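These notes concern the structure reproduced below.
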Amino acid sequence: SLLLAQVMWVAGAVGVVAFAWLMVSRWMSDRQIVSHATPAWIVPVVGLLDVPLALPSLGLPPMHGVMVLGLAVGLFFAVTLIFSRLLFEPPMPDALQPTLLILVAPFAVGFSTYVVTTGQIDLFAQSLYVLTLFMFALLLGRLRNLVVCCPFRISWWAVSFPLAASAIAALRFAAAEPGQITDVIALALLALATLTIVGLLIRTLV
């Protein structure tokens, strides 16, 4: 039902914009303790990057301004919010280490959102994709520590979203720029995301 899809998208878009506004307002209203910040903090604002993704298939009137809002605000806060805590504060507890992969998501989803918004893969889109791969390579080792960092808990699922977003970005880039290297990267990320999510599902059921 296209009408139901449109209504659900409008409700979700309004909700995520309001939630992001509320969270940023709270952050700016009170003094925040840097050591309390975790990658999960960026989720309310990174959620804005998802708003434009469904628009091309919904048959709604052009909403370029809404798409730019989601892209700009989502990227800005995702990039600026967490890195100072990681650089200048003690490492996060073992139980929160898996959430570090969330830092890959803004660049991966940002790439997809930018391509949907502009309709092309230009230099900036390529930069977002390369940043996705760089951050992914930087944090990939955290997956190795996943099974030994702590008993299984819900925070393990934090790796699923950035892995899936990275695979989608790689598939989108490989479709636009076909080649042996881009295809291998896309297939490798898709395989890793699939195996990881299946593993998380099994551990959850157990």
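Nothing here was measured: the structure is a model prediction, and the numbers come from that model.
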Heavy-atom nearest pair, A193 first then A164, reads CB-N, 4.2 Å
For side-chain contact (heavy atoms from CB on, under 4.5 Å), just list the numbers for F76 and V73, CA-CA rounded to whole Å, side-chain angles, deciding distance to a tenth of an Å, and then say yes or no. CA-CA 5 Å; F76 174 79; V73 177; 5.9 Å; no
Distance col, row F107:CZ vs T132:OG1, nearest 0.5 angstrom, shows 7.5 Å
- [ ] Determine, step by step, whether I197 and L201 satisfy the side-chain contact (heavy atoms from CB on, under 4.5 Å) criterion, reporting the C-alpha distance in whole Å, the side-chain angles of both residues, the deciding distance to 0.1 Å, and the verdict.
- [x] CA-CA 6 Å; I197 292 172; L201 175 61; 5.5 Å; no
### Message
Would you say V17 ends up clustered with V46 if hydrophobic residues are merged whenever their side chains have heavy atoms under 4.5 Å apart, either directly or through other cluster members?
### Response
yes
- Any donor-acceptor N/O pair, S112 side chain to V109 backbone, under 3.5 Å: no
Looking only at heavy atoms, the pair that brings F111 and A169 closest together is CE2-O, 3.4 Å
| message | According to a hydrophobic-cluster definition based on side-chain heavy atoms being under 4.5 Å apart (Ile, Leu, Val, Met, Phe, Trp, Tyr only), do I121 and I181 belong together? | response | yes
OG of S166 to CG of L133, rounded to nearest 0.5 Å, is 8.0 Å
task = Determine whether M135 and F124 fall in the same hydrophobic cluster, where Ile, Leu, Val, Met, Phe, Trp and Tyr are linked whenever their side-chain heavy atoms lie under 4.5 Å apart.
result = yes
For T118, the side-chain hydrogen bond (donor to acceptor under 3.5 Å, both in side chains) test, sequence neighbours excluded, returns none
Closest non-hydrogen atoms of L49 and G70, given as atom of the first, atom of the second and distance, are CD2-O, 3.5 Å
Besides L4, the hydrophobic cluster formed by Ile, Leu, Val, Met, Phe, Trp and Tyr side chains linked at under 4.5 Å, directly or via other members, contains M8
Do the side chain of T117 and the main chain of V68 share a donor and acceptor less than 3.5 angstrom apart? no
- Message: T113 vs L75, test: side-chain contact (heavy atoms from CB on, under 4.5 Å). Steps then yes/no.
- Response: CA-CA 10 Å; T113 300; L75 279 179; over 6 Å; no
Excluding I202, membership of its hydrophobic cluster (Ile, Leu, Val, Met, Phe, Trp, Tyr; side-chain heavy atoms within less than 4.5 Å) reads V198, V206
Quick check: do D122 and Y114 have side-chain heavy atoms less than 4.5 Å from each other? yes
### Query
If you count the non-hydrogen atoms of other residues, nucleotides and ligands that lie under 6.0 Å from CD in Q180, is the total more than 12?
no
Check your understanding: Tell me, do V51 and L69 make a side-chain contact under 4.5 Å, heavy atoms counted?
Key -> no
Checklist entry - Honestly curious: do L128 and F134 fall in one hydrophobic cluster under the side-chain, below-4.5 Å linking rule? => result yes
Does L2 have more than 12 heavy atoms from other residues, nucleotides or ligands lying within 6.0 Å of its CG? yes
| query | Do L200 and V159 touch side chain to side chain, with heavy atoms closer than 4.5 Å? | reply | yes
With sequence neighbours left out, the residues meeting side-chain hydrogen bond (donor to acceptor under 3.5 Å, both in side chains) with D183 are none
Original post:
Is it true that L71 and V130 fall in one hydrophobic cluster, defined by side-chain heavy atoms closer than 4.5 Å?
Top reply: no
So ring-ring contact (aromatic ring centres under 6.0 Å, His included) across residues 170-206, not counting sequence neighbours, yields Y129-F173
Hits for side chain to side chain contact (heavy atoms under 4.5 Å, CB included) against V116, two or more places apart or cross-chain, chain-then-number order -> L53, P56, M67, R172
Residue pairs meeting ring-ring contact (aromatic ring centres under 6.0 Å, His included), one or both in residues 187-206, sequence neighbours left out, come to none
Contacts of A186 meeting side chain to side chain contact (heavy atoms under 4.5 Å, CB included) (sequence neighbours excluded), chain-then-number -> A170, L171, A174
Heavy-atom side-chain proximity of M23 to V45 below 4.5 angstrom: no
Grouping ILVMFWY residues whenever side-chain heavy atoms fall under 4.5 Å, the cluster of L187 otherwise contains none
query = V104 versus L139: any side-chain heavy-atom pair under 4.5 Å?
reply = yes
* To do: Given side-chain contact (heavy atoms from CB on, under 4.5 Å), test L140 with L192 step by step and report yes or no.
  => CA-CA 11 Å; L140 182 60; L192 179 60; 3.8 Å; yes
Excluding W21, membership of its hydrophobic cluster (Ile, Leu, Val, Met, Phe, Trp, Tyr; side-chain heavy atoms within less than 4.5 Å) reads L22
Residues passing the side-chain hydrogen bond (donor to acceptor under 3.5 Å, both in side chains) test with W9, sequence neighbours excluded, are none
Contacts of F152 meeting ring-ring contact (aromatic ring centres under 6.0 Å, His included) (sequence neighbours excluded), chain-then-number -> W156
### Message
Can you confirm whether more than 12 heavy atoms, excluding those of R153, are under 6.0 Å from its CZ atom?
### Response
yes
A125 and V115 have their tightest heavy-atom pair at CB-CG2, 4.2 Å
Interatomic distance, CD1@I168 vs CG@L163, rounded to 0.5 Å, equals 11.0 Å
